[in-house]
Visitor: 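Input: one structure, supplied below.
Numbers for residues simply follow the sequence, beginning at 1.
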Amino acid sequence: MKRKILAVLLAGAFVVAAAGCGKKDRSEATQIKEHNDAGGEVEINIDSLLGGDSGASYAQTEAYATEQNSQKEDFNTEEYNRIEENGFVKVADAPLSTFAADVDTGSYCNLRRMIRDDWSLNNVKSAIRTEEMINYFDYKVDSAEDVFSVQYSVGECPWNTDNKLLVMTMQANAEMNVPNEGNNFVFLVDSSGSMNSADKLPLVKESFKLLAQNLGPKDHVSIVTYAGNSDTLLVGSDNYQQICEALDRIDAYGGTNGSGGIEAAYKCAQENFIKNGNNRVIIASDGDMNLGITSQSGLVDLIKEKKESGVFLTVLGYGTGNYSDANMESLADAGNGNYFYIDSLGEAERVLCEKMMQTTVTVAKDVKFQVEFNPAEVAEYRQIGYENRQMSASDFNDDKKDGGEIGAGAQVTVCYEIVPAGAGKDEGGLKYQDTTLSDQAASGELCTVSVRYKAPDSDESSKIEYPLTDKGVTKREDFNFVCGVIEASMVLRDSAYKGTATLDSAYQLAKSGTDNNRYREEFCELLDKLGADA
């Protein structure tokens, strides 16, 4: 059986053993492991690989690992937070659906990498977050002068034609008057031994060079690295050549003290803080942390503490084999941040150049959604995706409860599978029902979508409401493409709700909605590679 033993994994394991560190806490994540032909787990003993001497030099460890990597053998310790798929909810019992906004796209790019590398997808259900697959793509939204623009369609659900599908896209106004006196970026680079492969540190350097090339005279860059210790290489520079030279000096070696790097990066960002500016730490890593704070809960607590400084966070994930999607996603969710996976220089250009404003300029923070369904129109609903962003109904009006961050012009697409029905009963002083149905229940509205958000420099939220009616499908290409993405996601996850969905039907739906868009065409190519009937 093919096994790829990455240099990053062996080097990191050796350094942890040499430093006498404890085993990494993986209790909060799903760990993927390849199995040998006899069905047992593949295990690596560092001592035996290096001749029985755990005191062997790092260079020996790296040399062995590099040799194994060149043979393209496969050993996989990637980590993903477990996902329990949303089920159907009766409107009479729970008319409110409440969740935090999420503009992350990491899951789609990570899945794209797996498909291109011919991975078996049988054990990566939790790597697939449907909302991030949907949100990777852009949709047509009619502009409006409000903080958010809304475009939505209600159509027949392709995988269960007895039901309907609500597809709603909210877009932050790119012209919002958000003061920006300049960008204060801290590039936080994981320079540990686990980053020593072509798809990691070298790609990180080129990614940051692309971003630096697009900065203006009011923008400043600092560079902090972390391995066993953190090191500040550059402070507040606007000189592109100087930034590139500092990046080129970074080498990969040693353990991974991610928490130490986070502390140093936020300190640097605060010392160079620009009032009314865009202050942001951009971390680039494979997420594998084995020194300092290593548990996911500990890292989340650290980031929550640091975000109170007013510094935002962008998380860029790199690499394969030992990649911790669990850590990277959790850091972004906890730290006024967003999360992207970079599998190529083209993706780096898309995230950091084409979508620079959406990625790095927050126009609304702590964004939360609450959808109240009308029982006169909807009997049951199932939210598709956003499983790890669910909130209690009371959290919506509580400004102490965090939401998600949205950049200038960024979109959030939300989908519900709906079971049409007649009237129902519930209590609670809601818009459409109290002890009996209200007059507004007869309005024909399917639901009302409420959005609560804060300005980037505010601690008080504002609220906007959008009543939605069933006016059919408004953007057929977008609707069909979203349906194709959802079907593909459900098939790959072997969802209990996939109905008649297949990879073939997902391909046909997506293909009919490509609209001459190269990213959508690429998605169809991935489905074709998976065996969809084109």
Visitor: Using atom types as modelled and distance alone, determine if a side-chain donor or acceptor of Asn278 lies under 3.5 Å from a backbone N or O of Thr360.
Guide: yes

Visitor: Can any side-chain N or O of Asp104 pair as donor or acceptor with the backbone N or O of Gly106 at less than 3.5 Å?
Guide: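 No, the answer is negative, given that no donor and acceptor are paired below the 3.5 Å cut-off.
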
Visitor: What closest approach, in Å, do Ala127 and Ser107 show between heavy atoms, and which atom pair accounts for it?
Guide: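 Reported closest heavy-atom pair: O-OG, 2.7 Å.
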
Visitor: Starting from the C-alpha separation in whole Å, work towards a yes-or-no answer on side-chain contact (heavy atoms from CB on, under 4.5 Å) for Asn388 and Ile83.
Guide: CA-CA 7 Å; Asn388 60 359; Ile83 295 175; 5.8 Å; no

Visitor: Counting distance only, does the side-chain N/O of Asn196 pair as donor-acceptor with the main-chain N or O of Gly193 below 3.5 Å?
Guide: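 No; zero donor-acceptor contacts below 3.5 Å.
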
Visitor: Less than 4.0 angstrom from a charged side-chain N to a carboxylate O is my criterion; do Lys355 and Asp138 meet it?
Guide: yes

Visitor: So, does Lys368 use its side chain to make a donor-acceptor pair with the main chain of Lys401 at under 3.5 Å?
Guide: yes

Visitor: Counting C-beta onward and ignoring hydrogens, is there a side-chain heavy-atom pair between Ser309 and Phe273 closer than 4.5 Å?
Guide: no

Visitor: Taking Asn86 for its side chain and Gly385 for its backbone only, find out whether a donor-acceptor pair lies under 3.5 Å.
Guide: yes

Visitor: What's the separation between atom CZ in Phe312 and atom CG in Asn338, rounded to the nearest 0.5 Å?
Guide: 10.5 Å

Visitor: My understanding is that only residues two or more places apart in sequence, or in another chain, count here; which of them pass salt bridge (charged side-chain N to carboxylate O under 4.0 Å, His left out) with Arg116?
Guide: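 Result, salt bridge (charged side-chain N to carboxylate O under 4.0 Å, His left out) vs Arg116: Asp343, Glu522.
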
Visitor: Under 3.5 Å, side chain of Asn327 to main-chain N/O of Gly287, donor-acceptor pair present?
Guide: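 Between the backbone of Gly287 and the side chain of Asn327 there is a qualifying donor-acceptor contact (under 3.5 Å).
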
Visitor: Is there a donor-acceptor pair under 3.5 Å between the side chain of Gln242 and the backbone N or O of Asp238?
Guide: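 Side chain of Gln242 to backbone of Asp238, a donor-acceptor pair under 3.5 Å: no, none is there.
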
Visitor: Provide the full list of ring pair (Phe, Tyr, Trp, His ring centres under 6.0 Å) pairs with a residue in residues 333-369, sequence neighbours left out, each pair given once.
Guide: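 Sorted result for residues 333-369: Phe99-Phe369, Tyr323-Tyr341.
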
Visitor: Do Gln383 and Val414 have side chains that approach each other closer than 4.5 Å (heavy atoms only, starting at C-beta)?
Guide: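 The answer is yes; the side chains approach within 4.5 Å.
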
Visitor: Between atom OG of Ser192 and atom CE of Met195, what is the distance when rounded to the nearest 0.5 Å?
Guide: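 It is 6.5 Å, given to the nearest 0.5 Å.
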
Visitor: Side-chain contact test, heavy atoms from C-beta onward, threshold under 4.5 Å: evaluate it for Val363 versus Gln358 and give yes or no.
Guide: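 No, their side chains stay 4.5 Å or more apart.
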
Visitor: Return each pair, listed once, that meets salt bridge (charged side-chain N to carboxylate O under 4.0 Å, His left out) where at least one residue sits in residues 203-212; pairs must be two or more places apart or across chains.
Guide: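 Of all non-adjacent pairs touching residues 203-212, those that pass salt bridge (charged side-chain N to carboxylate O under 4.0 Å, His left out) are Glu206-Lys209, Lys209-Asp248.
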
Visitor: Any chance you could measure Ser237, atom OG, to His220, atom NE2, to the nearest 0.5 Å?
Guide: 8.0 Å

Visitor: With sequence neighbours excluded, tell me which residues meet side-chain contact (heavy atoms from CB on, under 4.5 Å) with Ser191.
Guide: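 Residues passing side-chain contact (heavy atoms from CB on, under 4.5 Å) with Ser191: Thr225, Ala227, Ile250.
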
Visitor: Whether Asp325 and Arg129 form a salt bridge (side-chain N of Lys/Arg under 4.0 Å from carboxylate O of Asp/Glu) is what I want to check.
Guide: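 Counted as a salt bridge, because a side-chain N and a carboxylate O are separated by less than 4.0 Å.
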
Visitor: Check the pair Tyr80 / Glu329 against side-chain contact (heavy atoms from CB on, under 4.5 Å), numbers first and verdict last.
Guide: CA-CA 9 Å; Tyr80 299 91; Glu329 183 204 11; over 6 Å; no

Visitor: Return the orientation label for the Tyr136 and Tyr519 ring planes: parallel under 30°, perpendicular over 60°, tilted otherwise.
Guide: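 Ring orientation of Tyr136 relative to Tyr519: perpendicular.
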
Visitor: Which residues pass the side-chain contact (heavy atoms from CB on, under 4.5 Å) test with Ser495, not counting sequence neighbours?
Guide: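 side-chain contact (heavy atoms from CB on, under 4.5 Å) list for Ser495, sorted by chain: Glu85, Met490, Tyr497, Lys498.
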
Visitor: Please find the pair of heavy atoms, one from Gly261 and one from Leu188, that lie closest to each other, and give the distance.
Guide: O-CD1, 3.5 Å

Visitor: Salt bridge or not for Glu387 and Arg493, using N-O below 4.0 Å?
Guide: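 So Glu387 does not pair with Arg493 through a salt bridge.
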
Visitor: Can you sort out the partners of Thr130 under side chain to side chain donor-acceptor pair (under 3.5 Å), two or more places apart, ordered by chain and number?
Guide: Ser489

Visitor: Please round to the nearest 0.5 Å and tell me the distance separating atom CG of Asn257 and atom CG of Asp190.
Guide: 10.5 Å

Visitor: Less than 4.5 Å apart, any side-chain heavy atom of Glu132 and any of Asp102?
Guide: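 When only atoms from C-beta onward are counted, Asp102 and Glu132 do touch, with a gap below 4.5 Å.
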
Visitor: For Glu131, give me all partners under salt bridge (charged side-chain N to carboxylate O under 4.0 Å, His left out), at least two apart in sequence or on another chain.
Guide: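 With neighbours one apart ignored, the set is empty.
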
Visitor: Among Thr314, Asn184, Thr359, find the one that has a side-chain contact (heavy atoms from CB on, under 4.5 Å) with Arg280.
Guide: Thr314

Visitor: Which heavy atom of Gln171 sits nearest a heavy atom of Gly409, and at what distance?
Guide: CG-O, 3.7 Å

Visitor: Would you please name every residue forming a side-chain contact (heavy atoms from CB on, under 4.5 Å) with Asp219, sequence neighbours left out?
Guide: Asn183, Leu215

Visitor: Any side-chain heavy atom of Leu345 sitting closer than 4.5 Å to one from Leu210?
Guide: yes

Visitor: Flag the pair Leu313 / Tyr266 as yes when at least one side-chain heavy-atom distance between them is below 4.5 Å, and no otherwise.
Guide: yes

Visitor: Just jot down the side-chain contact (heavy atoms from CB on, under 4.5 Å) partners of Lys267, sequence neighbours excluded, or say none.
Guide: Glu271

Visitor: Suppose we screen for ring-ring contact (aromatic ring centres under 6.0 Å, His included). Which residues come up paired with Phe187, at least two apart in sequence or across chains?
Guide: Phe208

Visitor: Apply the side-chain contact (heavy atoms from CB on, under 4.5 Å) test between Tyr318 and each candidate in Leu203, Leu201, Asp286; give the one that qualifies.
Guide: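 Testing each of Leu203, Leu201, Asp286 against Tyr318, the sole residue satisfying side-chain contact (heavy atoms from CB on, under 4.5 Å) is Leu203.
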
Visitor: Is the backbone N or O of Thr413 less than 3.5 Å from a side-chain atom of Thr169, with the two atoms forming a donor-acceptor pair by type?
Guide: no

Visitor: Can Ser197 and Asp199 be counted as having a side-chain donor-acceptor contact under 3.5 angstrom?
Guide: yes

Visitor: Verify the distance criterion only: is there a donor paired with an acceptor across the side chains of Thr320 and Asp117 at less than 3.5 Å?
Guide: no

Visitor: Any cation-pi pair here, Arg520 with Phe137, using under 6.0 Å and within 45°?
Guide: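 That pair does not qualify as a cation-pi contact.
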
Visitor: Roughly how far, to the nearest 0.5 Å, is the CG atom of Leu526 from the CG atom of Leu503?
Guide: 11.5 Å

Visitor: Identify the two heavy atoms, one from Tyr507 and one from Cys524, that lie closest to each other, and give their separation to 0.1 Å.
Guide: CE1-O, 3.4 Å

Visitor: Between Lys529 and Asp118, is the closest basic N to carboxylate O distance under 4.0 Å?
Guide: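 Looking at Asp118 and Lys529, the cut-off is met.
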
Visitor: Please round to the nearest 0.5 Å and tell me the distance separating atom CD of Glu354 and atom CG of Asn214.
Guide: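 Nearest 0.5 Å value for the CD-CG distance: 10.5 Å.
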
Visitor: With Asp333, which residues qualify under salt bridge (charged side-chain N to carboxylate O under 4.0 Å, His left out), at least two apart?
Guide: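 Here the qualifying residues are Arg389.
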
Visitor: Strictly distance-based, threshold 3.5 Å: is any side-chain N or O of Thr256 a donor or acceptor partner for the main-chain N or O of Gly258?
Guide: no

Visitor: Answer whether the closest heavy-atom distance between the side chains of Ile282 and Leu211 falls below 4.5 Å.
Guide: yes

Visitor: Show the nearest heavy-atom pair for residues Val351 and Leu316, with the distance to one decimal.
Guide: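 Heavy atoms only, the tightest pair is CG1-CD2, 4.4 Å.
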
Visitor: Any heavy-atom pair between the side chains of Leu492 and Leu530 that's under 4.5 Å?
Guide: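 Yes - at least one pair of side-chain heavy atoms lies under 4.5 Å apart.
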
Visitor: Kindly determine whether Glu405 and Thr362 satisfy side chain to side chain donor-acceptor pair (under 3.5 Å), including the steps that lead there.
Guide: CA-CA 7 Å; Glu405 280 58 57; Thr362 297; over 6 Å; no

Visitor: Under the salt bridge (charged side-chain N to carboxylate O under 4.0 Å, His left out) rule, collect the residues that match up with Glu487, sequence neighbours excluded.
Guide: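 Once residues adjacent in sequence are excluded, Glu487 has no partner under the salt bridge (charged side-chain N to carboxylate O under 4.0 Å, His left out) criterion.
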
